[in-house]
Amino acid sequence: MKRLSQKNLKSACLIAFCYLFSGSLFFTLSGGFVVLRWLIVPLLFFAFLKLLSRKLLMATVHLFVWIMLVFLAIVLRGLGGFFENANLVLCFLGAYYITQKRSHTEILTIFVKSMVVVAALSLIGHCINNYISPMTWLPQKVNSNDITFSVGYIYNFITDESMRNCGPFWEPGVYASWLILALVLLNYMPWIRRKALCNVIIILTILTTVSAAGYVLLLLALALLSSNVARNSKSKYAFLVPMTFVIIATVLFTSGLMENIISSNKFLDDLNADSLADSSRFFAVEQNWGLFLQNPVFGFGQSYVIENTTNVANTAGTFYLLSCFGIFGITYTLAILYGIFRQRGLTFVEKLLVAVIFFIIINKESQYDYMLNWVFTFILLSSNHVFADLKRNKGGARSATTFEETKK
């Protein structure tokens with residue numbers, strides 16, 4: 001029991017480290033956290049030792065491709081974009097190390113349980129702040145984007161937008177992304193206690209982020225959930241679950257109710273067709289694709305792309321990496337999609353929904369350099385029965401599909 005506790009503690013520490021480099025508010029507030037990133041540098045030697053092994057796994061090949069892409073960018077452009085390249089390298093090195101040292105079941109279990117706890121605490125904070133007593137006593141900090149935050153550590157919010165729950169992250173959309181992934185994974189863990197309550201907590205917290213993309217993702221996650229319930233239920237009436245979801249969704253969109261909800265909230269205005277066409281995210285895709293076509297082989301490098309994409313936020317990760325690193329920049333997105341569609345134990349519809357959810361996430365925020373995204377990528381590449389293992393393993397027990405064991 002003591003050994004198990006020590007193992008869980010180590011895993012929890014690794015996941016906590018991931019959180020710091022996956023959009024946490026604290027990373028944008030303090031230069032001290034930037035220094036923490038360089039603790040990952042020695043892992044470069046660990047990665048090269050793995051590359052020297054006789055049998056290379058898909059995840060290791062993917063790591064090697066991205067090390068070479070960043071190395072080539074340095075050769076072609078010198079120190080231009082050094083900060084961005086260093087950030088990217090250290091994120092995927094840290095993620096690779098974590099997925100080598102812990103089983104994917106253990107990592108995903110700790111991730112889901114952590115998100116449920118964080119969601120519950122931030123939901124309580126959000127309700128107190130907005131419906132009982134405003135938390136004006138929280139310290140206010142200005143982050144690197146010149147946005148003022150009220151900092152509650154587990155519950156943060158943009159001071160001028162208190163109705164939007166950021167959780168421990170710097171932006172409500174980022175928080176919504178991790179909550180969505182936790183919701184998806186949670187429902188492939190039948191052994192989780194009080195799962196219905198956990199689902200309710202996560203869903204309510206997603207609603208408090210008031211994230212337009214988060215709401216779209218929530219609909220997809222609920223579609224996946226209803227499909228999963230129908231598939232696993234022994235009741236002959238189980239087919240009514242996805243049918244009910246489809247009916248409710250149809251009513252919302254055809255009755256005009258969804259349109260009224262969107263138009264009455266300025267934070268959801270991006271979901272309007274006219275607003276979407278004029279949005280920063282749309283222009284980011286357009287401008288990055290144009291740069292990619294100009295130099296499709298090697299790309300222009302991160303610093304050049306950042307300087308030459310105007311009036312946009314480079315949130316479209318797939319297209320940003322194409323414009324920065326050329327055609328091989330697509331390997332990041334392809335690795336995620338390949339990892340999903342190779343999974344056993346999922347129907348084609350489930351694979352399609354999970355793939356769309358991941359694709360939206362990596363293209364709605366600049367999450368290509370968030371460590372947790374790379375953790376998920378390496379996990380999906382490590383085994384073709386990640387979801388099957390989640391269903392049959394309890395408490396994140398170490399499965400037979402860690403990288404070390406799959407090589408045998």
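- With values rounded to the nearest 0.5 angstrom, Ile206 atom CD1 is found 12.0 Å from Ile201 atom CD1.
- In this structure, Thr159 contributes its side chain and Ser150 its backbone to a donor-acceptor pair below 3.5 Å.
- Summarising the geometry of Asn384 relative to Arg342, their closest heavy-atom pair is CB-O, 3.2 Å, with the distance given to 0.1 Å.
- The closest side-chain heavy-atom distance from Phe111 to Leu372 is below 4.5 Å.
- Atom CD in Glu161 sits 8.0 Å away from atom CD1 in Ile147 (nearest 0.5 Å).
- No donor-acceptor distance shorter than 3.5 angstrom exists from the side chain of Lys351 to the backbone of Leu337, with no hydrogens or angles considered.
- Checked by atom type and distance alone, the side chain of Gln294 never pairs as donor or acceptor with a backbone atom of Gly299 at under 3.5 Å.
- Counting all heavy atoms, side chain and backbone alike, Thr209 lies closest to Ala176 at OG1-CB, 3.8 Å.
- Taking the ring pair (Phe, Tyr, Trp, His ring centres under 6.0 Å) definition, one finds that Phe341 meets it with nothing, sequence neighbours left out.
- Inter-residue side-chain proximity for Trp191 and Met189 is flagged as met; some heavy-atom pair is nearer than 4.5 Å.
- Residues Leu220 and Val356 are in side-chain contact: their nearest non-hydrogen atoms beyond the backbone lie under 4.5 Å apart.
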Inset, instruction - Please assess Leu179 against Ile203 for the test side chain to side chain contact (heavy atoms under 4.5 Å, CB included), listing each intermediate value before the final yes or no. - result: CA-CA 8 Å; Leu179 288 167; Ile203 291 171; over 6 Å; no

Legend entry - Pair Glu171-Cys166, side chain to side chain contact (heavy atoms under 4.5 Å, CB included): steps then yes or no: CA-CA 6 Å; Glu171 204 270 337; Cys166 295; 5.8 Å; no

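- To the nearest 0.5 angstrom, Ser323 atom OG is 5.5 Å from Leu291 atom CG.
- Checked by atom type and distance alone, the side chain of Arg164 never pairs as donor or acceptor with a backbone atom of Pro172 at under 3.5 Å.
- Val112 and Ala182 make their closest contact through CG2-O, 4.1 Å (heavy atoms, listed as atom of the first residue, atom of the second, distance).
- The two residues Ala355 and Ile340 have their closest heavy-atom pair at CA-CD1, 3.6 Å.
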Inset, instruction - Run the numbers on Tyr215 and Val210 for side chain to side chain contact (heavy atoms under 4.5 Å, CB included), then give the verdict. - result: CA-CA 8 Å; Tyr215 283 11; Val210 198; 4.2 Å; yes

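- In this structure, Phe325 has its ring center at least 6.0 angstrom away from the ring center of Phe298.
- Looking at residues two or more places apart in sequence or on another chain, you find a ring pair (Phe, Tyr, Trp, His ring centres under 6.0 Å) between Phe300 and Tyr304.
- With contacts defined as side-chain heavy-atom distances shorter than 4.5 Å, the pair Thr60/Leu381 does not qualify.
- With sequence neighbours left out, the ring pair (Phe, Tyr, Trp, His ring centres under 6.0 Å) criterion links Phe157 to Tyr155.
- The CG atom of Leu181 sits 3.5 Å away from the CD1 atom of Ile361 when rounded to the nearest 0.5 Å.
- With Phe376 as reference, Leu185 is the one residue of Leu185, Thr99, Ile336, Ile107 to meet the side-chain contact (heavy atoms from CB on, under 4.5 Å) rule.
- Ile192 CD1 to Leu197 CG: the interatomic distance, rounded to the nearest 0.5 Å, is 12.0 Å.
- Considering CG of Leu72 and CD1 of Ile67, their distance stands at 13.5 Å, rounded to 0.5 Å.
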Legend entry - Verdict with supporting geometry, His62 and Thr377, side chain to side chain contact (heavy atoms under 4.5 Å, CB included): CA-CA 9 Å; His62 185 58; Thr377 303; 3.9 Å; yes

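- With hydrogens and angles disregarded, a donor-acceptor distance shorter than 3.5 Å links the side chain of Asn156 to the backbone of Tyr153.
- Side-chain contact between Thr318 and Ile362 is present, with heavy atoms from C-beta onward closer than 4.5 Å.
- Side-chain contact between Leu346 and Gln343 is present, with at least one heavy-atom pair separated by less than 4.5 Å.
- Proximity of the aromatic rings of Tyr320 and Tyr368 is defined here by a centroid distance below 6.0 angstrom, and this criterion is met.
- The minimum heavy-atom distance linking Gln302 with Asn85 is given by the pair NE2-OD1, 2.9 Å.
- Below 30°, between 30° and 60°, or above 60°: for Tyr370 and Trp178 the angle between ring planes is between 30° and 60°, a tilted geometry.
- Residues Lys364 and Ala213 share a closest heavy-atom pair of CD-CB, 3.2 Å.
- Listed by chain and residue number, nothing satisfies the side-chain hydrogen bond (donor to acceptor under 3.5 Å, both in side chains) test with Tyr332 (two or more places apart in sequence, or in another chain).
- For Ser162 (side chain) and Ile158 (main-chain N/O), no donor-acceptor pair under 3.5 Å exists by modelled atom type.
- In this model, no donor atom of one side chain and acceptor atom of the other lie less than 3.5 Å apart for Thr148 and Lys141.
- With sequence neighbours left out, the side-chain hydrogen bond (donor to acceptor under 3.5 Å, both in side chains) criterion links Thr331 to Trp66.
- Side-chain contact between Phe319 and Glu286 is absent, with no heavy-atom pair separated by less than 4.5 Å.
- With a 4.5 Å cut-off on side-chain heavy atoms, Leu138 and Val151 do not count as touching.
- A tilted orientation is assigned to the rings of Phe92 and Trp374, their planes being inclined by 30° to 60°.
- Judged by distance alone, the side chains of Thr105 and Asp389 never bring a donor and an acceptor atom under 3.5 Å apart.
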What pairs of donor and acceptor atoms, side-chain ones from residues 115-126 against any protein atom, are under 3.5 angstrom apart with sequence neighbours left out?
{"from": "Ser122", "atom 1": "OG", "to": "Val118", "atom 2": "O", "distance (Å)": "3.2"}
{"from": "Ser122", "atom 1": "OG", "to": "Ala119", "atom 2": "O", "distance (Å)": "3.1"}
{"from": "Ser122", "atom 1": "OG", "to": "Asn165", "atom 2": "ND2", "distance (Å)": "3.3"}
{"from": "Ser122", "atom 1": "OG", "to": "Tyr175", "atom 2": "OH", "distance (Å)": "2.7"}
{"from": "His126", "atom 1": "ND1", "to": "Asn130", "atom 2": "ND2", "distance (Å)": "3.2"}

